[in-house]
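We name chains A, B, ... by the order of the sequence lines, and we start the count at 1 in each one. The basis for the numbers below is simple: all heavy atoms, side chains too, and nothing from hydrogens, waters or symmetry mates. A quick note: this is a predicted structure, and the numbers were derived from the prediction, not measured.
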Protein chains: 2
Amino acid sequence: MGRVDDLSMFRGPNVAVDIAVLTVVPAPLSGTGLSQLAVLVEQPDFVADGTVLPGRFLREGQTVAQAVADALHVKAGLVGLDVLPRLLRVFDDPGRDPRGWTLSLGHAVSVAFEHLEGARGQLAHVDGQGAADAGSPLLFDHDVIVREAAEGMRARYELEPDPDGLFGVGFTLAELRDLHEGVLGQQLRKDTFNRRMVEQLRPQTRSDGTPVLRTRGGRPAQVYLRQPRPGVPPASRRRLVLPRETN
Amino acid sequence: MGRVDDLSMFRGPNVAVDIAVLTVVPAPLSGTGLSQLAVLVEQPDFVADGTVLPGRFLREGQTVAQAVADALHVKAGLVGLDVLPRLLRVFDDPGRDPRGWTLSLGHAVSVAFEHLEGARGQLAHVDGQGAADAGSPLLFDHDVIVREAAEGMRARYELEPDPDGLFGVGFTLAELRDLHEGVLGQQLRKDTFNRRMVEQLRPQTRSDGTPVLRTRGGRPAQVYLRQPRPGVPPASRRRLVLPRETN
DNA sequence: TTAATAGTGTCTATAAGACAATATATA
DNA sequence: TATATATTGTCTTATAGACACTATTAA
């Protein structure tokens, strides 16, 4: 930031936030029998054929996070979620909005499917390439936002158990794997997946020390909780950094 | 983006770009005998004791990349670099600038040390925690920008050879390791480092097929080029994703 | 009982960590 | 020659991949 005493010499752009609300549709509801990554879209009233992400202009005195929360409230009818918007990129083409100079801050948020119950809009399936299959094409740069949002979420879900916290409470390894397969859009190896994840989880126990179990048609499974300590590096990812002074 | 016909009802914020210009000071010049990560800072004229990153307000009709290029030109005297600004985060606290409503888009760019020859400002060493050791404290949120810029660059330099392209031409594995050790602020294991990197590099040869070598006081070393194909996944990072339908 | 799911154990292949040995330049 | 750096090879260890086997529920 430079030294400019009179800011009024600059006319700032209108700044919008556009949000890819990502969720995982549970297997029984997805139609395919598998959990599926999906994004919340809506049909705007100002075009006949087109789909957009929820978005909103930033008001003075607001933070970006507040504008995101407002957009989710006003556009999607979602209230009271405490989400962590992740900034993806800025769309800054000076001619991108014919109505005037606007910037758009593309964001991603991950929301548990249950919290999208009363939401307005539709859930569009996100395919392996990050393309949303809404009925009509995504307008503006919104396809890019969805693709980058999906890419980021997939990268996060490859090494850590449910890093976005879509499970509110405990979960079994099978439920966790369903979730991860939905996010990644790929099947995962059960044994390797379990080995990687177990070491980052804590088995849930009752106060008397007995394990909390959950059954799904077979042998009951241990229920796990995310470790309270975040940022534990997955053991599998060896680092080049030297622990000592050697060489 | 919603449907708003009259944009003039919104008064947009002033939008600034602030840039962490990262470079690696070669070992002979750093004073420590090791290559060192550094960031370009300047002493602003409006405070007695404080340091800032180069920055500039976005003008109408400009893209963010153009504003970054302008800032590097006007503030640091750098012309003609084609840099790739990486967006790090938005600083959006409504009260962060007493002069009025401003947003700042924190960016990182990586620039080869040779290109900073005629630059205004000083190079501040960036330590292992991402803290810049300028003589005086970094003002505003600029310490956060430097930290996140360094984090991102370090993550990139752990698995791939010189992903930011600080070497313009060919390099030996020893030179590459010096560079990576400077970025990471850590010594690296020579053998493992070489194994990882060689498979992502192409040995430089003359038209007659003889290898290009370079000597540094001992046996001459092969000169390598980055593979023209970017985005080659490092072989070491095994993935969970199934190649087949199994499990 | 059978079917379905959960969990454990084991063998193999691959890559990292550690270190030794050899090669080729300069002083 | 001695010294410095580069390069190759090998042994050990850790983890992924593959698969078999046991365990515990419901129907």
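For A:R196 and C:dG7, the CZ to P distance is 19 Å, given to the nearest whole Å. Remark: P of D:dT5 and CG of B:L213 are 17 Å apart, rounded to the nearest angstrom. Between A:K190 atom NZ and D:dA20 atom P there is a gap of 13 Å when expressed in whole angstrom units. Rounded to whole Å, atom P of D:dT15 lies 13 Å from atom CD of A:Q200. Summarising the geometry, the separation between CG on B:D178 and P on D:dT5 is reported as 11 Å, rounded to the nearest angstrom. Distance A:D191 CG to D:dC21 P: 15 Å, rounded to the nearest Å. A:L176 places its CG atom 16 Å from the C1' atom of C:dG7, with the value rounded to the nearest Å. The distance between atom CZ of B:R214 and atom P of D:dT5, rounded to the nearest whole Å, is 16 Å.
Closest contact between the side chain of B:P220 and the listed nucleotides C:dA6, C:dT24, D:dT7 involves C:dT24.
OP1 and OP2 of C:dA16 both lie 4.0 Å or more from every side-chain N or O belonging to B:T192. Under 4.0 angstrom from either OP1 or OP2 of D:dT25 there lies no side-chain N or O belonging to A:T215. Using a 4.0 Å cut-off, no side-chain N or O of B:R216 falls inside it from OP1 or OP2 of C:dA25.
Of the two residues near DNA chain D, B:V223 and B:G217, the one whose nearest nucleotide lies more 5' is B:G217. Along DNA chain D, the nucleotide closest to B:Q222 and the one closest to B:G218 are compared, and the more 5′ of them pairs with B:G218.
Scored by the ring pair (Phe, Tyr, Trp, His ring centres under 6.0 Å) test, A:H107 finds no partners at all (sequence neighbours excluded).
Using a 30° and 60° split on the angle between ring planes, B:F171 and B:F167 fall in the parallel class, below 30°.
In the interface, the side chain of A:R195 is not paired with the base of C:dG7 through any donor and acceptor atom under 3.5 Å apart. Judged by distance alone with a 3.5 Å cut-off, a donor-acceptor contact links the side chain of B:R219 to the base of D:dA6.
The shortest distance between side-chain heavy atoms of B:V212 and B:Y224 does not fall below 4.5 Å.
Considering all non-hydrogen atoms of both residues, A:L188 and A:R177 come closest at O-NH1, 4.2 Å.
A:Y157 and A:D164 are not linked by any side-chain donor-acceptor pair at a separation below 3.5 angstrom, with hydrogens and angles left out of the test.
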